Structure formats: C-alpha cells, structure tokens
Amino acid sequence: MNIPSKYDAAEVEGKWYKYWLENGYFHSKPDERKPYTIVIPPPNVTGVLHMGHMLNNTIQDVLIRRARLQGFNACWVPGTDHASIATEAKVVGRLKERGLKKSDLTRDEFLDQAWDWTREHGGIILEQLKKLGASCDWDRTKFTMDDDMSASVIRVFVDLFNKGLIYRGYRMVNWDPEAKTTLSDEEVIHEERQGLLYYLAYPVEGSDEKVVIATTRPETILGDTAICINPADERYTHLKGKKVIVPVSGRVIPIIEDEYVDMEFGTGCLKVTPAHDVNDKNLGDKHGLEVIDIFNEDASLNHHGLHYEGKDRFAVRKEIARELEEKGFLVKTETHVNKVGTSERTKAVIEPRLSDQWFLKMETLARPAIEAVLKDEEIKLFPKKFENTYRHWMENIRDWNISRQLWWGQQVPAYYYGEGKEDFVVAENQEQALELARKKTGNTSLDVSGLRQDPDVLDTWFSSWLWPISVFGGILDPENEEIKYYYPTNDLVTGPDILFFWVARMIMSGYEYRNEKPFTNVYLTGLVRDSQRRKMSKSLGNSPDALKLISDYGADGVRVGLLLSSAAGNDLLFDEGLCQQGKGFANKIWNAFRLVSGWEVSETEPAPKVAEVAVRWYRSKLGQTLHEIEDHFAKYRISDALMATYKLIWDDFCSWFLEMVKPAYGHPISKTTFEQVIALFEENLKILHPFMPFLTEDIWQHIEKRDSDKALVVSDWPSIPEVDHGLLEGFAMVTEVISGIRTIRKDKNIAFKEVLELHATHNGSAFNGNLDEVVKKLGNITALHYNIEKVEGSVSFRVGADEYFVPVAGSVDVESEMEKLKEELSYAEGFLKSVRGKLSNERFVNNAPEKVVAIEKQKEADTLAKILTIKESLSNLGK
RNA sequence: GGGCUCUUAGCUCAGCUGGUUCAGAGCACCUGCCUUACAAGCAGGGGGUCACUGGUUCGAAUCCAGUAGGGCCCA
C-alpha cells in the first residue's frame, strides 16, 4: 500500500464528494426497502452558512448516513425558502443603491429583480453544505417559490378558506414601519429599553382641575379618545361623567371607567389610544370609543399629528415633550424600563396598528397537534423538556396572521370585485375567481378587469409549514407514489427558536392534509454561542467563517468539533479548539492506518497468543461499545455516540489493541492477525463514517481497490459482535497491572526498554486466556511468577486482593514504600469502617434489598483481604 | 407579572425509576518521555461539602419544600 505521510483533507474531501455524487449514492427513489427520510429545515435562499446551519446539518448528515449504512432507503431532501421580508429588504436595498425606490417599479418589475437576486445568491448556502459533506439528494432540491410549491400554498389557502378557517379581519397587528409590513407575534422580539414615563396633566372641562396620567409615549396623545379610571378608585370618583381636554390638540374626550385600569401603576389614570395599543383597542371596542390613527405606514405622523405631520414618531416624542413642558402640561418625568417589541428582521420598533389582514383560525388545527405530541406521543421531542414549552404555546394559541404587505411571495388569492368588505372571492386563479364572482354577484357581464387581486403576499411560514408534504408533491397530488412512500418522514433536526414558527405548524398541516404526523422525532439542537456565551451574530462579528474553518481543520474536523460539545438542547459554546481536537482525531486515525499499512505480512508466521487474545478482546469491546452507541443514538445523544466512538478508536483500538498486535521491530505480522486487524479497522471506519465521512471513505478505499458499489458510504453498519464479559473484566484488571508496572518504571526511572520480572500472589488464574501474554508484552516483562508470598528487594502494588512485586536493581527506598503502604492502609481502613457502619445498622440490613446488602458484604470481605496483604507487606518491609 | 428550566472538577457537560456505573467524561492543568504510526504524540498525576437551607428515608447529586442566582418562552 502506498500511503501519503500526511492526510490532506482538502484534496480528499473534494475527491470523494465528487465520487459520491457521480455514483448517485445520495439519490433516493422509492423501492422495496424501508424509507428513512429527513427534510432539511430550508435555510433562507439568500443566506450564507453560519454555525447554526453547520451544527444542524452535520447532525442531519450523521443520522442520514447512519440510516444509509443500516440499509434504509435514505432520503434527505434539501432546499431553501424565499424569506419574504429578508429578501425583499435586500432587493429594496439594492434598488436604493441605484437610486430607485420600490414604488418606482411595477409589481412584476420588482419580482423580476427579486428573482435575479435569488438566482445570484440562492444556492450559495447549498454549495456550502456540500463542502461540509452533506449527503442530500440534490436532485430533489426544492425552493418554496417553485411553481409546484407555490401552487400547493395557494391550493391550501383556498381550501382552508372554503373550510371557514381563513378569514379577513380588521385587527391590531404588529407593524414593522421599516419593512412596511405586519409581522406575526412570533417575529416580534421584546426587548427591555430604558425610557421615560411622562406625567401629563389634562385639564378637566369646565373646571380648573387637572387630571394627571402617565405615559411612555407622549406623541400618542394626539390619538387619545378617552381617559380611563378604575371605578373603585376613590381619588377620581368626583370625575365620573366629566370630560377632559387633550393638550396640544384641544380635543375634548370623555372620562370612562373600567376595572382594567391598574390603580397602582403611574397615577392610576390611563389615557386611551385605541389605534395604537392593543389593550386600548379592547377598551375602545368595549366603550364604543372613536379610533384616531395618527401614523402613516412608515410611522411618521399623518394629518392627525397637526403641526407634527410628516415627522417621525421618535422625533415627535422629543418635540412634543418640549411643547408640553413649555405649555405647562408636563408635570414630571421618571426613568422607566419597559419592554419594547422589535422586528426580528429589521430591528425596527414595532408599532401596533389596525389594519385588514388575513388570519388562520388555529384552534381546531392545534387539537390533533397537541394530542400527537403530548398525549399519544406519536411525535417525540428531544430533549423532552421542550414539551412543556410546546404545551404552553399550543394551549394558548392565537390565530395566525398570514398576510404580509410585501410583494415577494405567494400573492393572496383573494379577488375583489367591489368596495364592500365582503365583496371578494377566493380562488386558485383568475378564471375560477371570475366564475365565482359572477355567481356570487349574479352579474354575468363581470369580466377580469373588474377583479382586483389582494396585493398582499402570504407569510413565508405559510409555505414552509407544508414543507414535508409539498416537497413530495403531496398537496397537489395526494395519492402520488412519492408522498405515500416517504411520508411521514422520520427525523426533523432544527433549533428550538422555531418550535412554534415551524415545527408546531408542520404538525398541524400534517394532520390536516395527510391525516398523519409529518415526522416521528424532533431533535432540537442548542444555539451556537461564542465562548463568552454570546449569541453568534453578524453585528458582533463573533461568528467564524464557516468555509475558513473547513479549510483550516477539514470538514471532518469541524464536524467532530461541533458535535463533541453539543448535548441535545444545550447551547453549544463554540471554540475553535474543538475543531482542532477533531482534526487531531483525524490525524490519529490516519496514523493508525499508516502503522497498519506499513506492516510486512508473513504467510508462514503463526499468530502469536497475545494477538489472538487481543483480537478476541477488541471484538468484545467493539460489541460493548456498539451497544452503548445504539443506545445513544436511540436517545438522540449524538455527542455521546461520538465520544463513545472516539474513545473506542483512540483508547481501545490505538492505545491498547494496536500495541498488543504490533509486531516487534523488523518482524512481520502473521497473515491471520493482519487480516483480523484490517477487518476490525473496517468495522471502526463504518461506525465512524457518519461523523467523519471523508477520512473514513479515503482510508476505506486505501485499504483495497473497491468497485463503485462497495464504497464505504453504501456499505453496511456493523452487526454487533458477541460480548465476552469475563474477558472484558479480566482485561480491565490486566490494564491495572500494566498501569502498576508503568508507575513503578516511572518512579524508579526504569526505561521501558529495560526488561523486568513480575511476581504475583495469585496462581495465574487471574490471567486467564493468555492475558498473561498481554502483561508480558505491554509491561515488557520477561517472566511471570505465581504463588509468591513476598520478594526481597522489590516494589509492590495491589490490584484487587492480589499483590504484585517487581524486583528492582539497587536499593529500595523502604521509607517511601512504607509511606505509600500506610496511605493505602488508612484509606482501606476508612473504607472498611464506612461499610461496617452500614452493615451494623439494623435498619439497613432489614430494609435494603438483599442484593445491596450482599454487595456491601462483598466489599467488606474484599477490603479485609486487602488490609491483610498491606499489613503483611508492611511487616516484611519493617524487618 | 405568568410559565418552564437550570446550578456537579478551572471550562463544557454526563449522571435514567434513590443503593459499587456514585462522585464521572472530554478539554484545560501538572510531571516525565523526541519509544522507529502519530510531540496534533505517549505514559503518569492532581483536582468537586454535587448552589444554599430544611424535610422524607436505613440510605439523597438523585425525591419534596423553601432561599439565592442564571437561562428560555409568553404577556
């Protein structure tokens, strides 16, 4: 075998990814095998790969590659979403650079621009995923704005409308004045902001009295239509039925009473601005108040703002505060911390705003989704703790505002034929709409020019909530082969931040449109943070360049680095050192391979006993570890599965096994042993492949020239070897013996090359099945003597109840030997005391299970024996 | 303000239905080694009142209550 001395990740990764693609290993089509399906959480089409994506997709790749090895028909569907707000913001930004405004373009012209942008930037992120090694079925790549995907969305809208679940409502919505669109509640982030609480005095009509209210938003007084007091508040009883004059505008508004008012907050007297606060809106509705909207869509003031018309809300806040002060209306200000809603996308402060929007009723849709997760456990969340969060949201679910005042997305399929609120029809296309409208109005001469489609588009999540169905064409053609084969999918891997946005809604659409769950397991990853626990963000600049990491540490190294510290649901504190560890691991395996491949193989050399026991032992160890790994995977503890693999390969395979089978310098290895070593190496590669696909495939192909259908990526997951527990226990004891010998070498400055002899108090039975050969080889021991009571001029150590002696040249330091023995003795005596304490406690002996008592008794016996040997050694030394 | 959740070694975290899997892992740290696969390595080692206070129990990191301090979600 001709092996390069250095592992060149960059070259290897490019080569094997290409090979995998050329051979279509990632492509799936329905067949007689069981499917294993994952749909990717579609990233934003114009985004770039960040650490969150890397983690997320590494986990998906681990799962899908393992499933592929296990013989499932593995299908990982990739794709992107159109991200209305983000993409539209970017397109608007680009227009601005050219001195253009969105309103300068027609809708179609604007959409052309958006498509241009998508074509230029879209797919970058998918190319980056390939660098990471993602084994997606690229032939299936979908985009939420593909024709069939959009058609699915429109069909679902029409269907839900016809079922009475979609309605148009005039509601208080979250308005993003920068993007000039509404946002769903979930897209609003509440932040604490330091602000001022303004105390304003409103003159009471027809008296000299003034009533003081407290507000954080003095500019909204221009939209006030009432003052509200608590009917139980005796301070204001005398004001009942009176009116006050709004400062600056001079409008006269009523004083109303409602128990909603918190008497403790501020002055206990509340200004009511129904157009700009959702609670005030409710009060207004209840008391039949006028609604005065003082803002334009960019949150500058309109004509109700009087002399502030055209100015921004924050500028007006300062200016009106000054005016109020000058005119004597401002009593005082206090600093005040309050929560302000901001846009997830644009960071703009959200303005509550009344407008016509489309809503989806959630209550009936939520019902099966609640049961599936919390009752029937048809769908499992990992980690389970998220079920509480899920429950809380689902049980308090509110209707979903699905319209957005944007152009980039699926246009709401509602067609208006008149000015009345109900003068519209909903249909999949204009022709059907026309037909419906003619029927509804009885006006047969109505034509398309009399129809006006709603200008708004649908929320991007209204596309992605159908994702597991629509990628397989399950909405447009519910009986097609693909959807029947691949749906429901198996695992979903995503972040907890979109548990409601996306996961919960997919579950709802799944039951509504397939009458079946969309996936069985939901693995929620942690957020990737930096080592100071800060969220990774562009503005902080603490997010490492994903591709640079891959080029520095190799994709395998980065994958290992990310996975090692990402216990499910725990945030991952990213540290480049972890990638370094991953790279180091790759290097370790590479060198192990170089060692093995450098051995000269002899046909005639018989397999030594030590190699024979080594092989038996490693098989057992492999079996034991595979059981652990299976268990970890079953619980979605991917990092633990990796750590178990890491220790198996590094500690057990490299440090113990290879050292045992390694032929003496200049000697060949027996053919039998060599073949066994290679076979075990291959089993390691299979287990490791999901985590480190490139390195493992490369070594696999170096081991021997293989036909294309024998690539590692499509080989088979190891069957679990039988575990010989007795052998594992014996070996564990042997490692302690070897460790004892090594410690003596170190203490006495004896080089490993220098041979030693070992004397043991037992009769050799503790070294069953050639384990003595292991001691000899790894301890560099020439002779083992059994049934020894004591050896003059030797250093001793104990493993279990047995004592071992190593004769050393020169004088033994009796003092320090005795010191060590005394320490051991006092520890053992202390231990004995605690065990006897338990055993002498009647209630323990009577109440504890027999097994536990027996264990304690065994401990007592073992410790007594140990104490005896230590005492003997001490007295021997003392002679 | 409401709900959920967490606090274990210097760091990041395991520790299941209380009992030798009970105090662990990885990294970091310290001490030897350039031993012919690997110094990105090998061998050895130190390090924790399991946040605090009570309770239940023969027995508590584990169960219960309270306190303190983080985090998340919602209003």
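Given the structure is predicted, the values throughout are model-derived calculations rather than measurements. Per chain, numbering begins at 1; letters A, B, ... match sequence-line order.
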Quiz item: Can you name the closest pair of heavy atoms from A:Leu728 and A:Lys621 and give their distance?
Solution: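 The answer is CD2-N, 3.9 Å.
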Quiz item: When rounded to the nearest 0.5 angstrom, what is the spacing between OH in A:Tyr646 and CG in A:Leu563?
Solution: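 If we round to the nearest 0.5 Å, A:Tyr646:OH and A:Leu563:CG are 13.5 Å apart.
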Quiz prompt | Pairwise distance CD1(A:Ile638) to CD1(A:Ile59) - rounded to 0.5 angstrom | solution =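 One finds 6.5 Å between CD1 of A:Ile638 and CD1 of A:Ile59.
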Quiz item: Ignoring hydrogens and angles, are the base of B:A43 and the side chain of A:Glu659 linked by a donor-acceptor pair under 3.5 Å?
Solution: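 It does not, because no donor-acceptor pair links the side chain of A:Glu659 to the base of B:A43 below 3.5 Å.
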Using the [atom1] atom in both, what is the distance from [N] to [M], to the nearest Å?
N	M	atom1	result
B:C4	B:U21	C1'	31 Å
B:U57	B:U62	C1'	13 Å
B:C38	B:A43	P	14 Å

Quiz prompt | salt_bridge(A:Lys857, A:Glu860) N-O dist < 4.0 Å | solution =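 No, this pair does not count.
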Quiz item: What nucleic acid atoms does A:Trp650 come within less than 4.0 Å of, heavy atoms only: base, sugar-phosphate, or nothing?
Solution: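 Sugar-phosphate, no base atom in range.
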Quiz item: Which part of the nucleic acid does A:Asn587 contact within heavy-atom distance under 4.0 Å: base, sugar-phosphate only, or nothing?
Solution: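 Touches a base.
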Every protein N/O within reach of nucleotides 19-25 of chain B N/O, cut-off under 3.5 Å:
{"residue": "B:A25", "atom": "O2'", "partner": "A:Lys647", "partner atom": "NZ", "Å": "3.3"}

Quiz prompt | Exercise: do A:Thr182 and A:Asn174 side chains pair donor with acceptor under 3.5 Å | solution =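 Result is no, nothing qualifies.
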Practice problem: Round to the nearest Å and state the distance from A:Asp575 atom CG to B:G26 atom P. | Solution: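 My rounded result for the distance is 17 Å.
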Quiz item: Taking the side chain of A:Lys583 as its heavy atoms from C-beta onward, which of B:A40, B:C38, B:A14 lies nearest to it?
Solution: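 Looking only at heavy atoms from C-beta outward on A:Lys583, the closest nucleotide is B:A40.
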Quiz item: Sequence neighbours excluded, which residues qualify as side chain to side chain contact (heavy atoms under 4.5 Å, CB included) partners of A:Asn587?
Solution: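 For A:Asn587 the side chain to side chain contact (heavy atoms under 4.5 Å, CB included) partners, ignoring immediate neighbours, are A:Asn591.
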